[in-house]
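Note sheet for the following structure.
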Amino acid sequence: MIVDTHCHIHQSDYPVSVDAVISRMKQADVGWYVGVGTDRQSSTEAIDFCRRRNDCYSAVGVHPHETRNGYQIDDLVDANSVIAIGEIGLDYFYEHSPRDVQQKALIAQLKLAVKHDLPVIFHVRDAFDDFWPIFDSFDGRLRGVLHSFTDTIENLQRGLERGLYIGVNGISTFVKDPAAQSMYDQIPLDRLVFETDAPFLTPAPLRGKVNEPANVRLVAEYHAARRSLSFDDIAKLTSDNAANLFGLN
Ligand SMILES: [Zn+2]
């Protein structure tokens with residue numbers, strides 16, 4: 001069994017048939033997956049999607065890109081399937097929302113995570129210098145995962161020191177930069193979780209197709225080979241990590 005800790009197949013604009021995607025996911029032995037919100041609508045869609053299924057958990061949050069349109073999700077957190085706040089964070093690469101708005105939205109949603117004692121799915125891109133002071137201002141009350149982590153070994157270390165899990169997806173299967181490859185190899189096995197971010201970031205050798213949770217196997221196979229582990233061993237380790245991350249033990 002393997003877990004996809006981050007996907008968006010619940011969204012109404014997911015471009016392929018969800019029934020087919022779910023059946024391929026079963027064949028690939030993906031035991032469960034997290035449907036992650038990026039705004040109020042997709043968070044609501046995640047809750048509704050998971051309500052009808054027993055292999056799905058939802059996360060509610062407003063992605064930094066969307067924060068300029070508001071970030072009030074307090075009333076969504078109590079739904080049964082909600083196991084995390086996210087994806088939330090800072091994105092200065094695209095900067096679709098002004099930086100000060102992104103920061104205010106992040107702080108407001110982190111307060112919500114603390115209030116409800118939930119882990120956080122973090123999206124941070126080109127913004128760690130502003131991110132760490134905000135994270136640290138919560139004095140150790142936050143836990144969660146750095147989703148789609150592609151940053152430096154230094155920021156990996158800062159995340160590990162703070163007890164965070166590290167989410168690795170298809171990007172890791174096609175990066176050519178040796179420094180980036182070695183960063184992925186240095187993520188401790190007890191902090192590593194896999195994800196697809198479907199429909200985005202399709203792993204090699206399927207690049208160009210719409211991504212789906214079944215493809216989390218390709219990410220796991222790639223890292224099993226690099227670490228000289230069996231697929232079953234890395235699948236078990238990372239599934240246990242995912243359960244710990246989201247408090248599903
Ligand atoms: Zn995502």
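Counting starts at 1 for both ligands and their atoms, following the listed order.
- H223 and S172 share a donor-acceptor pair across their side chains, judged by distance under 3.5 Å alone.
- Listed by chain and number, the protein atoms of type N/O/S under 2.8 Å from the Zn ion (ligand 1) are H6 NE2, H8 NE2, E87 OE2, D197 OD1; waters are omitted.
- The pair R141-D117 fails the salt-bridge criterion, with no side-chain N (NZ, NE, NH1 or NH2) lying under 4.0 Å from an Asp/Glu carboxylate O.
- The pair K236-D240 meets the salt-bridge criterion, with a side-chain N (NZ, NE, NH1 or NH2) lying under 4.0 Å from an Asp/Glu carboxylate O.
- Residues D55 and K26 are paired through a salt bridge, judged by an N-O separation under 4.0 Å between the basic side chain and the carboxylate.
- Taking the ring centre of F174 as origin, the terminal cationic atom of R207 falls inside the region bounded by 6.0 Å and 45° from the ring axis.
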Expected list for residues 75-82: side-chain donor-acceptor pairs under 3.5 angstrom, two or more places apart:
unit_1: D75; atom_1: OD1; unit_2: R40; atom_2: NH1; d: 3.0
unit_1: D75; atom_1: OD2; unit_2: R40; atom_2: NH2; d: 2.8
unit_1: S81; atom_1: OG; unit_2: S58; atom_2: OG; d: 2.6

